[in-house]
Colleague: 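Structure below; questions to follow.
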Amino acid sequence: MAFASRARSRFLFLKFFALELKRCSMAHNCLQCIKYLMFVFNLLFWLGGCGILGVGIWLAVTQGNFATLSSSFPSLSAANLLIVTGTFIMIIGFVGCIGAIKENKCLLLSFFIMLLIIFLLELTVVILFFAYTDKIDKYAQRDLKKGLHLYGTDGNIGLTNAWSIIQTDFRCCGVSNYTDWFEVYNTTRVPDSCCLEFSENCGLHSPGTWWKAPCYETVKVWLQENLLAVGIFGLCTAMVQILGLTFAMTMYCQVVKADTYCA
């Protein structure tokens, strides 16, 4: 009787051990699958950051004269934005790659928190933008008009080139009207980039030879016409970030489970 009881206990123990071993094996296989998926995802994320950083450096080196139109934020140029964005993406991607390949809970959680903070900041900016569109419009126009007074001055060749390119490509003149330039020159004159047919000192001719469309509204209409492309880009960016958050948290949970079952 005692022998049968011991045999039954041993059998139940072996059965329980086999089930735990099977569960541990399944958790390990699942972890390995998520591990390599997350590694590939973050490798692509890191490479994308490298590409953005490279474009930013290229713009800074070869197109350094093209700067921002804003007088309040002179460092807010396309090159600087790309460099900062690319650097952040590379750092986050690197943390994600190392965290995935090493199965490190601390790095995985750090990756998740950093990506979540960026996602929430982007969401906040979008909400605030739509909530205060009118105020942003007024501030932007006021700031751009203020920046016109720096046109053609020493040390502001970037802003000068930027306005020249905008007015030539969009066939517009001034922020809200070509008369914005009258306050800059203190006379009836506009930059030569406002002319229908470019020639030296053509900005001194009559208003009939200048573009009449306001640049702010023209660029705004162009953005609205390309709103679908902007929306798709924003949606894809959000989906990539959500995918990264899902991978990170799923792998973190799997690492915790594997440590629990296989300890």
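Heavy-atom basis, side chains included; hydrogens, waters and symmetry copies ignored. Residue numbers start at 1 and run along the sequence shown.
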Colleague: Give a yes or no on whether Phe88 atom CZ has more than 12 heavy-atom contacts from other residues, nucleotides or ligands under 6.0 Å away.
Modeller: no
Colleague: Does the side chain to side chain contact (heavy atoms under 4.5 Å, CB included) test come out yes or no for Leu148 and Val175, once each step is laid out?
Modeller: CA-CA 9 Å; Leu148 293 181; Val175 179; 3.9 Å; yes
Colleague: Can you measure from SG (Cys195) to CG (Leu204) and round to the nearest 0.5 angstrom?
Modeller: 8.5 Å
Colleague: Answer yes or no: is there a side-chain heavy-atom contact under 4.5 Å between Asp180 and Ser176?
Modeller: yes
Colleague: Locate the shortest heavy-atom distance separating Leu82 from Ile52; write the atom from each residue and the value.
Modeller: O-CG2, 3.2 Å
Colleague: So, do Ile118 and Ile92 sit near enough that their side-chain heavy atoms are less than 4.5 Å apart?
Modeller: yes
Colleague: With side chain to side chain donor-acceptor pair (under 3.5 Å) as the test, would you mind laying out the steps for Gln167 and Trp181 before giving the verdict?
Modeller: CA-CA 12 Å; Gln167 293 183 143; Trp181 289 108; 3.0 Å; yes
Colleague: Are any of the side-chain heavy atoms of Tyr151 and Ser193 separated by less than 4.5 Å?
Modeller: yes
Colleague: Quick one: pull up CG in Leu43 and OH in Tyr36 and give me the separation to the nearest 0.5 Å.
Modeller: 13.5 Å
Colleague: So, do Cys172 and Ile166 sit near enough that their side-chain heavy atoms are less than 4.5 Å apart?
Modeller: yes
Colleague: What are the two closest non-hydrogen atoms of Leu107 and Val95, and how far apart are they?
Modeller: O-CG1, 3.6 Å
Colleague: Flag the pair Ile91 / Thr87 as yes when at least one side-chain heavy-atom distance between them is below 4.5 Å, and no otherwise.
Modeller: yes
Colleague: Say you draw a straight line from CD1 of Ile232 to OG1 of Thr237; how long is it, rounded to the nearest 0.5 Å?
Modeller: 11.5 Å
Colleague: Does Arg142 make a cation-pi contact with Tyr139 (under 6.0 Å, within 45 degrees of the axis)?
Modeller: no
Colleague: Would one find more than 12 heavy atoms of other residues, nucleotides or ligands at under 6.0 Å from atom CH2 of Trp211?
Modeller: yes
Colleague: Is Phe119 reachable from Val84 through a run of I, L, V, M, F, W or Y residues, each pair having side-chain heavy atoms under 4.5 Å apart?
Modeller: no
Colleague: Can you give me the closest heavy-atom contact between Met38 and Gly96, atom names plus distance?
Modeller: CE-O, 4.1 Å
Colleague: How far apart are the C-alpha atoms of Lys35 and Ile101, what are their side-chain angles, what is the distance that settles it, and do they pass the side chain to side chain contact (heavy atoms under 4.5 Å, CB included) test?
Modeller: CA-CA 7 Å; Lys35 169 182 174 178; Ile101 207 70; 4.0 Å; yes
Colleague: Of the non-hydrogen atoms in Trp210 and His205, which two are nearest, and what is the gap between them?
Modeller: CZ2-O, 2.8 Å
Colleague: Please answer: with hydrophobic residues joined when any side-chain heavy atoms are less than 4.5 Å apart, are Ile117 and Ile89 in the same cluster?
Modeller: yes
Colleague: Hey, can you pull the donor-acceptor pairs under 3.5 Å for the side chains in residues 239-253, sequence neighbours left out?
Modeller:
residue: Gln241; atom: NE2; partner: Glu122; partner atom: OE1; Å: 3.0
residue: Gln241; atom: NE2; partner: Glu122; partner atom: OE2; Å: 3.1
residue: Thr246; atom: OG1; partner: Ile242; partner atom: O; Å: 2.8
residue: Thr250; atom: OG1; partner: Thr246; partner atom: O; Å: 2.6

Colleague: Rounded at 0.5 Å granularity, tell me how far SG in Cys202 sits from CG in Asp192.
Modeller: 4.0 Å
Colleague: Evaluate whether the separation between SG of Cys173 and SG of Cys194 stays below 2.5 angstrom.
Modeller: yes
Colleague: According to a 4.5 Å side-chain heavy-atom criterion applied to Ile, Leu, Val, Met, Phe, Trp and Tyr, with indirect links allowed, do Ile127 and Leu120 form part of one hydrophobic cluster?
Modeller: no
Colleague: Could you tell me if the side chain of Asn42 sits less than 4.5 Å from the side chain of Phe111, heavy atoms only?
Modeller: yes
Colleague: Under a 4.5 Å cut-off applied to non-hydrogen side-chain atoms, are Ile57 and Ile83 in contact?
Modeller: yes
Colleague: Return the orientation label for the Phe45 and Phe41 ring planes: parallel under 30°, perpendicular over 60°, tilted otherwise.
Modeller: parallel
Colleague: Provide the closest heavy-atom pair for Ala213 versus Thr218 in the form atom of the first, atom of the second, distance.
Modeller: CB-OG1, 3.6 Å
Colleague: Please tell me whether Val40 and Trp46 are part of a single hydrophobic cluster in this structure, the criterion being side-chain heavy atoms less than 4.5 Å apart.
Modeller: no
Colleague: So, Thr153 side chain and Leu150 main chain: donor-acceptor pair closer than 3.5 Å or not?
Modeller: yes
Colleague: Are any of the side-chain heavy atoms of Trp222 and Glu217 separated by less than 4.5 Å?
Modeller: no
Colleague: Working to the nearest 0.5 angstrom, can you tell me the gap between Lys102 NZ and Leu108 CG?
Modeller: 13.0 Å
Colleague: If hydrophobic clusters are built from ILVMFWY residues whose side chains come within less than 4.5 Å, do Leu223 and Val221 share one?
Modeller: no
Colleague: Let me confirm one number: the NZ-OG distance from Lys105 to Ser110, rounded to the nearest 0.5 Å.
Modeller: 13.0 Å
Colleague: For the OH atom on Tyr132, are there more than 12 heavy atoms of other groups (residues, nucleotides or ligands in this structure) within a distance under 6.0 Å?
Modeller: no
Colleague: Please check if the number of heavy atoms outside Lys212 that lie under 6.0 Å from its NZ is greater than 12.
Modeller: yes
Colleague: Evaluate whether atom CZ of Phe94 has more than 12 neighbouring non-hydrogen atoms of other residues, nucleotides or ligands under 6.0 angstrom away.
Modeller: no
Colleague: Should Arg189 and Val184 be marked as a side chain to side chain contact (heavy atoms under 4.5 Å, CB included) after you check the CA-CA gap, both sets of side-chain angles, and the distance that decides it?
Modeller: CA-CA 9 Å; Arg189 181 186 177 183; Val184 177; over 6 Å; no
Colleague: Quick one: closest heavy-atom pair of Gly174 and Trp163, and the distance?
Modeller: O-CZ3, 4.2 Å
